[in-house]
Enquirer: 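Following this message is one structure expressed as structure tokens.
Just follow the structure's listing: the first ligand is 1, and inside any ligand the first atom is 1. We use all heavy atoms of the structure for the numbers below, so side chains are in, but hydrogens, waters and symmetry mates are not.
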Amino acid sequence: MTDNDSKAAASKMWGGRFAGGPAAIMRRINASIDFDRRLYAQDIRGSQAHCRMLAAQKMIGADDAAAILDGLERVLAEIEAGTFPFRAELEDIHMNVEARLAELIGEPAGRLHTARSRNDQVATDFRLWVRDAIDGMEAGLKDLVLALLDRAEEHAATVMPGFTHLQAAQPVTFGHHLMAYVEMIGRDRGRLVDARRRLNESPLGSAALAGTSFPIDREATARALGFDRPMRNSLDGVSDRDFALEFLSASAICAVHLSRLAEELVIWTSAQFRFVSLSDAFTTGSSIMPQKRNPDAAELIRAKTGRVIGDLSSLLIVMKGLPLAYSKDMQDDKEPVFEAADTMELAISAMAGMIRDLTVNEAVMAAAAGAGFTTATDIADWCVRALGMPFRRAHHVAGSLVKLAEDKGVGLEDLSLEDMQAVEPGITEEARAVLTVASSVASRTSQGGTAPVRVRAAIAEARARLAEEGR
Ligand code: ARG
């Protein structure tokens, strides 16, 4: 809306006396309808539950209740059809819905707000919205986990270098690597489940802040809206935004996980690594360099993580200075949550898409898995096992073998038995067998280890846990 429009709107509401510039600015800073219209479905559900309760408690007549419920349905239909006349001068979704209800059904509309305030109304609407957002995000993450499990299963024995400091460290399997993300996303889902459980209490009936003198039934409205129980304290009911903060912090941590995986995709798809490739479906070309195939979706996931972290900081900062109970600052709780929910939806879907899309270049990964003396630990372990050497000494022996191979410009497995025995006379032909990448990963059978048998078992357990959830 332009400045002139808003001036017109202000003057329409308050008359000539308020038609100046400040009124237009006041309207602009005060109005939330441009973003809180996204709460329309929750607002109408909340009003329906409140109306039915008022009627059941005989606070409004059955005829008035029927008119209100019918009118709310019509308002809902108008919004969904895109014909609803949203008006900025009515500030927010709550007043827009109520004003339109009055236009549609007349006087009974004025009875709906009995024993209610916009403070408990908005707290209720927003909780319902965040609850839906949690459910949506949960479903998205479950799909991502399924994608990771499928690819992990396919590559339970595909070897790649495992890294620390981004230096080749020890061979792992690609399946094992993907399963690490299954664990991380599993914790993200757990955080959402926890947050949902704490969120699921009804603020409705807290009224402005002190409760109400009307004989309301908070259990009834809580039940009607799918809440487990009413919130216990009316001041807390209208001033708490922990549910939004928990959603944002769970989102931020999850976004960090997605960003790390995105970063790995960026590295793995580079010409220097070539561990995986993404198809045309998940890459873009360069307008100048025809050879390029850029992993834009991964880069954007990495970038958008910053927004989600910002959304969390933003709301934490809004809340930190607020005395109880409601302050208008809290109107600014919505945009960070909407942005985070939208961003997460996009990032999770794009990540699931890339995981399903990617092609693993097994030969490249296998070659890299053995490069950089990644089986040095295996020869040290062999010296401990076969020769009863203390690990510290075995580490030294392996280090000398690496040095020798490095000097000769060959891999550890290319050293002759004589070369090796010159370093440690106890070394036998058997020791050389542990130097292959395949035997290295196969030997890592400890709980949580990278051996393909372990990876397959971990996948089966993860699938069983998912199936258990469905019960
Ligand atoms: N639009 C407001 C918000 O989102 C609704 C609550 C208004 N309450 C008030 N006391 N002004 O926070």
Enquirer: For atom 8 (N) of ligand 1, what's the nearest protein heavy atom and its distance?
Expert: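 Its nearest protein heavy-atom neighbour is N119 OD1, 2.9 Å.
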Enquirer: For the NZ atom on K320, are there more than 12 heavy atoms of other groups (residues, nucleotides or ligands in this structure) within a distance under 6.0 Å?
Expert: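 It does not: K320 NZ has 12 such atoms or fewer within range.
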Enquirer: Which heavy atom of the protein is the closest neighbour of atom 11 (N) of ligand 1, given with residue, atom name and distance?
Expert: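 Checking every protein heavy atom, the shortest distance to atom 11 (N) of ligand 1 gives R118 NH2, 3.7 Å.
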Enquirer: Hey, is ligand 1 close enough to H94 that some N/O pair sits below 3.5 Å?
Expert: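 No - when backbone and side-chain N and O of H94 are compared with those of ligand 1, no distance drops under 3.5 Å.
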Enquirer: Using a 4.5 Å cut-off on heavy atoms from C-beta on, say whether the side chain of R218 contacts that of R229.
Expert: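 R229 does not reach R218 side chain to side chain.
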Enquirer: Of all the non-hydrogen atoms in the protein, which one sits nearest to atom 3 (C) of ligand 1, and at what distance?
Expert: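 Scanning the protein heavy atoms, the shortest distance from atom 3 (C) of ligand 1 goes to Y326 OH, 3.2 Å.
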Enquirer: In terms of atom number and element, which parts of ligand 1 are under 4.0 angstrom from non-hydrogen atoms of D92?
Expert: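 Contacts of ligand 1 toward D92, numbered from 1: 1 (N), 2 (C), 5 (C).
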Enquirer: What atoms of ligand 1 come within less than 4.0 Å of a heavy atom belonging to Q331?
Expert: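 That gives atoms 1 (N), 2 (C), 3 (C), 4 (O), 12 (O) of ligand 1.
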Enquirer: Determine, for F338 and R38, whether the Lys NZ or Arg CZ falls below 6.0 Å from the six-membered ring centre while staying within 45 degrees of the axis.
Expert: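 Yes - R38 lies over the ring of F338, closer than 6.0 Å to its centre and within 45° of its axis.
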Enquirer: Mark up the atoms of ligand 1 that fall under 4.0 Å of a heavy atom belonging to S32, in ascending order.
Expert: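 Those qualifying, in numeric order: 1 (N).
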Enquirer: For atom CD of E469, is the number of surrounding heavy atoms from other residues, nucleotides or ligands below 6.0 Å larger than 12?
Expert: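 Yes, CD of E469 has more than 12 neighbouring heavy atoms, counting only those of other groups under 6.0 Å.
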Enquirer: Closer than 4.0 angstrom: is that true for some heavy atom of K334 and an atom of ligand 1?
Expert: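 True for this residue.
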Enquirer: Between atom NE2 of H177 and atom CG of L261, what is the distance when rounded to the nearest 0.5 Å?
Expert: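 The NE2 atom of H177 sits 7.0 Å away from the CG atom of L261.
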Enquirer: Give me the one residue out of F275, Y181, W268 that meets ring pair (Phe, Tyr, Trp, His ring centres under 6.0 Å) with F174.
Expert: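 So the option named by the test is W268.
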